[in-house]
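What follows is a short report on a single structure.
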Amino acid sequence: MSGSPSTATSAAVDQGTYRASCSRLLKRLAQSIELIAARPHSGPMRSRMWMRYYLSAVAVTLICTAIAFPLAAHVDLINVVMIYLLGAAIAGLLFGRGPSALTAVTNILAFDYFFVPPLFSFQVFDRSYLVTFAVMLLVALIVANLMIAVRAQTEAADAREQHTAALYAITRKLAIVRDADTMIITAIGHIGDVLQARAHVCLYDESGQIIPQTGQCPSGRARFLPLRGSHALIGMLVVERPEPNCDLLPEQQRLLQAIADQLALALERVHLAELAHAAHLAAERAAMRNTLLASISHDLRTPLSAIAGAGSIMAQPDFALDVYRRETLGRLIEDKARDMSDLLTNVLELVRLESGAGVIHRDWHALGDLIGIAIQRQESRLMGWQLTTDVPGELPLLSVDANLVVQLISNLLENAIKYTPAGTRICISACHVDAGVRLVVEDSGPGLGMDAPDQLFEKFTRGRREGTTGGVGLGLAICRAVARLHDGDIRGTASPMGGARFEITLPGVDAPRMIETESRIA
Amino acid sequence: MTVGMHLALVVEDDAAVQKVLRMMLEGNGLRVVIADNCARGERDARSQRPDIAIVDLGLPDLDGVELIKAIRTWSSIPVLVLSARTAEAQRLLAFEAGADDYVLKPFSAPELLARVRAALRRHVRVELPAGILQFGELSIDLSRRIVQHRSGTEVRLTPLEHRILESLARNRDRVVTHSQLMKEVWGPNHADTRSLRVFITTLRRKLERNPTRPTHIMTEPGVGYRLVVDSQQGDAAGS
């Protein structure tokens, strides 16, 4: 008697651990069921899975017996039957038809062996227990069938939800992507994730030819899905499963088709956007060409007529040419020809700069040096203007294209000369700022005379309407193109000196290094 | 200076430019031979022995750069390039082939004539009297490494600055390319132009009256540097 309470507690503990291990088992089983629902497995794996189910089915009987056996002495046999029924119902819930039938049978056998008199024998004295057995079997099977139906529905709902989620995910991804290549990569990656299939996309060009793609050639068992746009076939989605004998399930096929449709839509959107952009560019180019032609024809014809006139005068043998007249005419021809040359240089330069890549040759330069070259270029025109420079010697070196920066400064100087009266002060200064080096060209002239100085940097824009001053308004457009090619910027403001002020920021300064290099080398 | 009856070979295919150049050069006391392609240019250069060659780059048979290379194999006469090509890579090619100077089309008469005179002067005067070079208000004794201001004060240069100045002075009035300059001053394995830029800046601060508007150490953008010795001084030293 002294031992019995301890046995009872140990039995209770045993039952506790049983339950714990049981629930762990169920959880594991539940996970494996989800695995089944998620992905179909190949033959040997599937049979191993069923094996586990049948073993689990037998285990359910063992658990029921273990629970019922200690209770049997205290309760009516009908309650023991209930425990077995519960076990059968759980088996039906978890393992499907076959294993739950097995549970029903083993339950009956265990009930018969352990609880129905005579105990520990399969003999049955009371024939009415046969009815109990039949009912137990029947209830187990009904529950199993019901559960299978419920599970099928759940699985279908899960699959639908997965399908919808996958489709939603790819639609969202495709919506935020802007170029065709990334879209295709996104779709292929998605198909790989969701369907464990290798996919690639062949696109057709305008004439219906397949644009060659790098990548593996599809094998015979690949599935081809057309990517249909609203007008024409855009391309083909080629999907290939890694395992030969495993075809896609119907809902996976539908998902694939839906992804293909989404991809086709997205690709068509990109195509249309490209067309719209091209049309916009073409219109802009046409407008630009017209402006260019109008400006150039005006600005080339005017000096040309002067040159032709001057030339014809000089060529006339009977025209009295004194030294003064000859010099005037010669100078006029030279100046006008030079204007035309400058104009052509500017137009060509701007076209070159705007065509973009590969035009910039960076090297290390001292800004003071570049300013010097620009001043030298404008030397002859600078007579009569008061130019001051304020460039500190310790300014760091800049990694820039020398010719372009010289041209930028030269253009600003030329503008200052062109648009201010002789005698005006012009100041070029530079200083080190956080973003790099700031270069300032300012004057004490009449100022920009514009409310929106940014507009000045557009092509063919001039501060004042065409007047007596020549030029087509390309100088500042070139300055901006140069500044931007160097990742810098240019701004026009009013100068404290009273006139116009242009501020250029050029990044790309060298780390501070000075003469200490000498002591090392020399 | 004895420009006298120097002979200029003009290699240029455009008739109008030929005419202008002939008038320009003959009007300033030079004799002129004109060739309109590379082959004829090289033949004339060998047979006529000109004192200076003025070469266009875009020629009908070959590129002018090839002609310069060919002339350089046997002659050291000054070669002046006259071209509409503005890209610095092309200018660099011409200088590396051995051109002495590069004048951009459209050119003006005074500019071209000044360059022609400078080139002839450099060629005539190979050696400096006693290795002393004078320009502006400075006199440079290259062998003793002393730079003196006209007032008598000495301008102190660091050894590297001196080497740069010496290299420029040896090739005065002619462009020294970056690579040539760096090879002569730092040795063959130095590729970083940054130190060169820094030293040119410090040299200008020591030698030029206004360092941002230099008149002697001139930059040829994208190509190199040129030491300009002003003409009166140069003539005085030469005659």
Side-chain angles (χ1 to χ4, degrees), chain A residues 330-331 334-335 337-338 340-342 344-345 348-349 352 359 361-377 379-380 382 387-399 401-407 428-430 510-511 513-522, chain B residues 16 20 23 84-92 104-111 157-164 178-179 182 185-187 190-206 208 210-226 228:
Chain A
R331 199 64 69 223
E334 190 192 348
D335 288 350
R338 207 158 284 282
M340 283 169 60
S341 166
D342 287 352
L344 272 181
T345 311
L348 292 177
E349 184 74 355
R352 197 173 70 93
V359 293
H361 302 286
R362 285 179 189 266
D363 196 357
W364 295 102
H365 292 282
L367 187 57
D369 194 1
L370 303 182
I371 293 174
I373 302 168
I375 294 174
Q376 194 190 327
R377 271 196 203 168
E379 198 88 70
S380 56
L382 272 167
L387 178 69
T388 51
T389 52
D390 175 20
V391 183
E394 63 276 10
L395 216 55
L397 293 177
L398 278 171
S399 171
D401 185 313
N403 274 334
L404 295 183
V405 174
V406 166
Q407 172 144 32
I428 304 180
S429 57
D510 190 19
R513 47 180 278 141
M514 276 282 123
I515 325 292
E516 75 258 14
T517 43
E518 168 137 19
S519 51
R520 239 182 327 117
I521 302 164
Chain B
V20 170
M23 282 170 88
R85 296 183 189 168
T86 54
E88 61 184 61
Q90 290 171 319
R91 288 154 47 97
L92 193 58
L104 269 183
K105 283 179 184 173
F107 54 91
S108 73
E111 185 195 359
L157 297 186
T158 67
L160 271 176
E161 286 168 353
H162 227 293
R163 262 189 263 169
I164 293 173
H178 294 137
S179 53
M182 287 199 292
V185 177
W186 278 275
H190 190 87
D192 191 353
T193 52
R194 279 179 283 191
S195 0
L196 179 61
R197 307 288 181 202
V198 172
F199 284 116
I200 290 285
T201 309
T202 57
L203 254 184
R204 281 203 181 119
R205 248 185 286 158
K206 289 177 182 178
E208 297 279 359
N210 181 351
T212 45
R213 299 175 73 170
T215 50
H216 300 298
I217 303 172
M218 308 303 281
T219 304
E220 206 57 48
V223 178
Y225 297 96
R226 177 210 307 270
V228 174

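Lettering of chains follows the sequences in order, A, B, ..., and the numbering in each one begins at 1.
Remark: B:His162 pairs with no residue by the ring pair (Phe, Tyr, Trp, His ring centres under 6.0 Å) rule, at least two apart or across chains. Residues passing the side chain to side chain contact (heavy atoms under 4.5 Å, CB included) test with B:Leu92 are B:Glu96, B:Thr177, B:Val223, sequence neighbours excluded.
Contact of the B:Glu111 side chain with the A:Ser380 side chain is not registered, since no non-hydrogen atoms from C-beta on lie closer than 4.5 Å. At least one side-chain heavy atom of A:Leu387 sits less than 4.5 Å from a side-chain heavy atom of B:Arg213.
If you take CG on A:Asp363 and CZ on B:Arg194, they are separated by 9.5 Å, rounding to the nearest 0.5 Å. The OG1 atom of B:Thr219 lies 8.0 Å from the CD atom of A:Gln376; values are rounded to the nearest 0.5 Å. Between A:Ile373 atom CD1 and B:Met218 atom CE the span is 8.5 Å, to the nearest 0.5 Å. Here the NE2 atom belonging to A:His365 is positioned 12.5 Å from the CD1 atom belonging to B:Ile200, to the nearest 0.5 angstrom. Distance CD/A:Glu379 to OG1/B:Thr215: 9.5 Å, rounded to 0.5 Å.
Residue B:Tyr225 touches chain A through its side chain alone, counting heavy-atom pairs closer than 4.5 Å.
Of all non-hydrogen atoms in A:Leu397 and B:Arg197, the two that sit nearest each other are CD2-CB, 3.6 Å. Contact record, B:Pro214 with A:Gly372: CD-CA, 4.4 Å, taken as the closest heavy-atom pair. Residue A:Glu334 comes nearest to B:Ser108 through the heavy atom pair OE2-CB, 3.4 Å, listed as atom of the first residue, atom of the second, then distance. Residues A:Ile375 and B:Thr212 approach most closely at CD1-O, 4.5 Å, considering heavy atoms.
Shown here is A:Arg362, whose CZ atom has more than 12 heavy atoms of other residues, nucleotides or ligands within 6.0 Å.
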Report task. Under the side chain to side chain contact (heavy atoms under 4.5 Å, CB included) rule, what do A:Asp369 and B:Arg204 come out as? Steps first, then yes or no, please. Result -> CA-CA 10 Å; A:Asp369 194 1; B:Arg204 281 203 181 119; 2.9 Å; yes

